[in-house]
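Below is one structure, written out as structure tokens, with a few remarks after it.
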Number of protein chains: 2
Amino acid sequence: MRFTLKQLSYFVAAGEANSITLASERVHISQPSISSAISQLEAEFGVQLFFRHHAQGLSLTPAGQRFLIAARELLQQAGALNDLADEITTTIAGPLRIGAFRTFAPLLLPELCVDFAEAHPKVSLEMFEDDEAELVAKIRKAELDIALTYEQDGVDLHFEQLALLPTYVLLPAGHGLAKSGSLSLKDLASQPFVLLDLPVSREYFASLFEKAGVPLNIVARSHQPETVRSYVASGLGFSLLTARPKNLTALNGRPLAYLYLDDDFPPMKLGMITARTIRKTRAVAAFEEHCRKSISTRSIPGMMNW
Amino acid sequence: MRFTLKQLSYFVAAGEANSITLASERVHISQPSISSAISQLEAEFGVQLFFRHHAQGLSLTPAGQRFLIAARELLQQAGALNDLADEITTTIAGPLRIGAFRTFAPLLLPELCVDFAEAHPKVSLEMFEDDEAELVAKIRKAELDIALTYEQDGVDLHFEQLALLPTYVLLPAGHGLAKSGSLSLKDLASQPFVLLDLPVSREYFASLFEKAGVPLNIVARSHQPETVRSYVASGLGFSLLTARPKNLTALNGRPLAYLYLDDDFPPMKLGMITARTIRKTRAVAAFEEHCRKSISTRSIPGMMNW
DNA sequence: CTTGCTTACGTCCCGCGTAATGATA
DNA sequence: TATCATTACGCGGGACGTAAGCAAG
């Protein structure tokens, strides 16, 4: 393959014009350049492409005519590569791999994805639920395009905050404190605590007790939020959580209550992370925009509004 | 179209290897060159083709995968151009335009072409009969691939001699001299002459009389050899000719006789001419070879052997 | 003498390889 | 530290244009 697309295009121009001079005007390239390109093609293929009629242009040999149509096809297909590029960059389509943090994935993902899939039917969605470390690793390995999770830092990561998720108090609906407008951690000092036992949340909730100067009295723990809710609904104790399922009934059928926590704790930040090193697909950009529109501190799909 | 086939082939190699290093070994090109080619393609198309995994190679993006198959197709089609070239240069096929000088075309062409067409059925023959000037002009204009004619010179022409055609004496079969083994022009000095009146032959035959010191006494002339033969057969006079039809009966039904001319005249040279500037097709080469085998001074298709 | 392809030649860009740098596991 | 990709950089070939050459009508 010692020839170039450029040579072929010059050849085609000359073949269509039956003249190097005319072709040179059309292609805006000098006569000698076109002449040389043709000579090189002839040498490369060992085939005479043109008859030269000295003072009156040239004409294709039979072999040249066959080459002309083949070359035209090739150039057309080469042009199709540009079309493909346009399609990829302008069309919102293709695969889109979304990750979400385990605890709010069941609330957020279905709502978010149904709407997005409706708006962009040519995008094929894949959803993953994982803990934060896994999400970050997969983003870095480009196994995920985007992930919804709590704030992450890292030079190669881009985090865009979407909403604040203040910690709230979870109580059984019939609890004596459940009717209070809001509570501070001190008000709950005597109550046993049910811990959501996940890598990040574990340390986070413990730090709140420390800040408030309240002893941590863990009566049960689980890495599943739904188990925590059921424990609490059963009257085992209270819990602190950030994600707020709309459903106020635990999986065991018992009712729950959410209460403001009016201590001055920094709220968790919900947002999306992408890899800085990777050029955004249109689909990714569209999904980002979709999230910006759908998710705010006031309103998060699948979550109870404050 | 600001990309090259070379860039694409590097990209394909890298895409198949999922590694620039491995690709560089396969293609025998340095790592940086391949890296650069890929970067240029990405810039050209505005599409990210690979995810870079720093110490462990790279992997195609979804867009990259689509580009990979498109690029492979394009390269394959480009390779097909080489196949086309091979086919054209190796196959004996395609059009072949043969010219022959008027006077011996009716003798030579049919015999020659029937045999050749049988041997090379994929060659489509076109035959032309013309006088020498026209043949040469058409060879130069590439309207003919090859012509059978008398010796021609010209820097841009190639003449290959095939046979000598000594001038012979044409007499009515019943003529008093017709039984002689051979004759010289002097023996015929008293006889009237019938001239084949064609551009070259005209001067040639006249020159023979001059050389022999015999006066030229033209009783009839025609530009058609068949008319000359009928004149002679009718007893109008004798003629000198070079082409020797196998048929010893003139078109008017009267018998003819051929006799050696034993003067020391330079014989006409029958051969084939081609244009020096034009690369020979395989079909042309095959036809040349066919002529070499079929035509010699001893034996010329369609002509009386001496 | 005009037309049109080719050759000659000088310039500049670009593809190439070597070597150094960066980044990750 | 080993492995890959990327950047830096100098070299050489090739694509380009200008100008001259050349053949044909």
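Lettering follows sequence order; numbering is per chain, from 1.
- Heavy-atom contacts from other residues, nucleotides or ligands closer than 6.0 Å to CD of A/Glu203 number more than 12.
- Note: CD (A/Glu42) to P (C/dC5) measures 13 Å, nearest angstrom.
- Under a 3.5 Å cut-off, the side chain of A/Arg221 and the backbone N or O of A/Arg202 do not form any donor-acceptor pair.
- Between B/Gln40 atom CD and C/dC13 atom P there is a gap of 15 Å when expressed in whole angstrom units.
- Of the residues in residues 14-22 of chain A, none has a non-hydrogen atom less than 4.0 angstrom from any atom of DNA chain D.
- For residues 5-24 of chain B, the set of pairs meeting the salt bridge (charged side-chain N to carboxylate O under 4.0 Å, His left out) definition, not counting sequence neighbours, comprises B/Glu16-B/Arg72.
- B/His53 NE2: more than 12 foreign heavy atoms inside a 6.0 Å radius.
- Classification of A/Arg102 and A/Glu132 as a salt-bridged pair fails, no side-chain N sitting under 4.0 Å from a carboxylate O.
- Taking only side-chain nitrogens and oxygens, B/Arg52 comes nearer than 4.0 Å to OP1 or OP2 of D/dT6.
- Mapping A/Gln7 and B/Ser36 onto DNA chain D via the closest heavy atom, the residue that lands nearer the 5' end is B/Ser36.
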Give every donor-acceptor pair under 3.5 Å between a side-chain atom in residues 21-28 of chain A and any protein atom, sequence neighbours left out.
| from | atom 1 | to | atom 2 | distance (Å) |
| --- | --- | --- | --- | --- |
| A/Thr21 | OG1 | A/Gln31 | NE2 | 2.8 |
| A/Ser24 | OG | A/Thr21 | O | 2.6 |
| A/His28 | ND1 | A/Glu25 | O | 3.3 |

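- The salt bridge (charged side-chain N to carboxylate O under 4.0 Å, His left out) analysis of residues 42-65 of chain A, with sequence neighbours excluded, yields the pairs A/Glu42-A/Arg52.
- Aromatic rings of A/Phe104 and A/Tyr150 (six-membered ring for Trp) have centroids within the 6.0 Å cut-off, being under it.
- Straight-line distance from the CZ atom of A/Arg2 to the P atom of C/dG15: 16 Å, rounded to whole Å.
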Exercise for the section: Do nucleotides 16-25 of chain C as a string where each nucleotide becomes B, S or -: B if the base has a protein heavy atom under 4.0 Å, S if just the sugar-phosphate does, - if no protein is that close. Expected result: BBBB---SBS

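- Taking five base pairs at each end of the helix from C/dC1-D/dG25 to C/dA25-D/dT1 and finding the rotation axis that steps the C1' atoms of four pairs onto the next four gives two axes whose angle is 20°, to the nearest 10°.
- For the pair B/Phe3 CZ and C/dG15 C1', the computed distance is 17 Å after rounding to whole Å.
- Going from atom CZ of A/Phe50 over to atom C1' of C/dT6 covers 15 Å, rounded to whole Å.
- When the side-chain nitrogen and oxygen atoms of B/Arg140 are compared with OP1 and OP2 of D/dA24, none of them lie within a distance under 4.0 Å.
- Between the CG atom of B/Leu58 and the P atom of D/dT6 there is a distance of 7 Å, rounded to whole Å.
- Atom CZ of A/Arg2 is surrounded by 12 or fewer heavy atoms from other residues, nucleotides or ligands within 6.0 Å.
- Counting non-hydrogen atoms of neighbouring residues, nucleotides and ligands closer than 6.0 angstrom, the CG atom of B/Asp153 reaches no more than 12 such neighbours.
- Between B/Phe11 and B/Phe3, a ring centre-to-centre spacing not shorter than 6.0 Å is recorded.
- For the pair B/Gln48 CD and D/dA5 P, the computed distance is 15 Å after rounding to whole Å.
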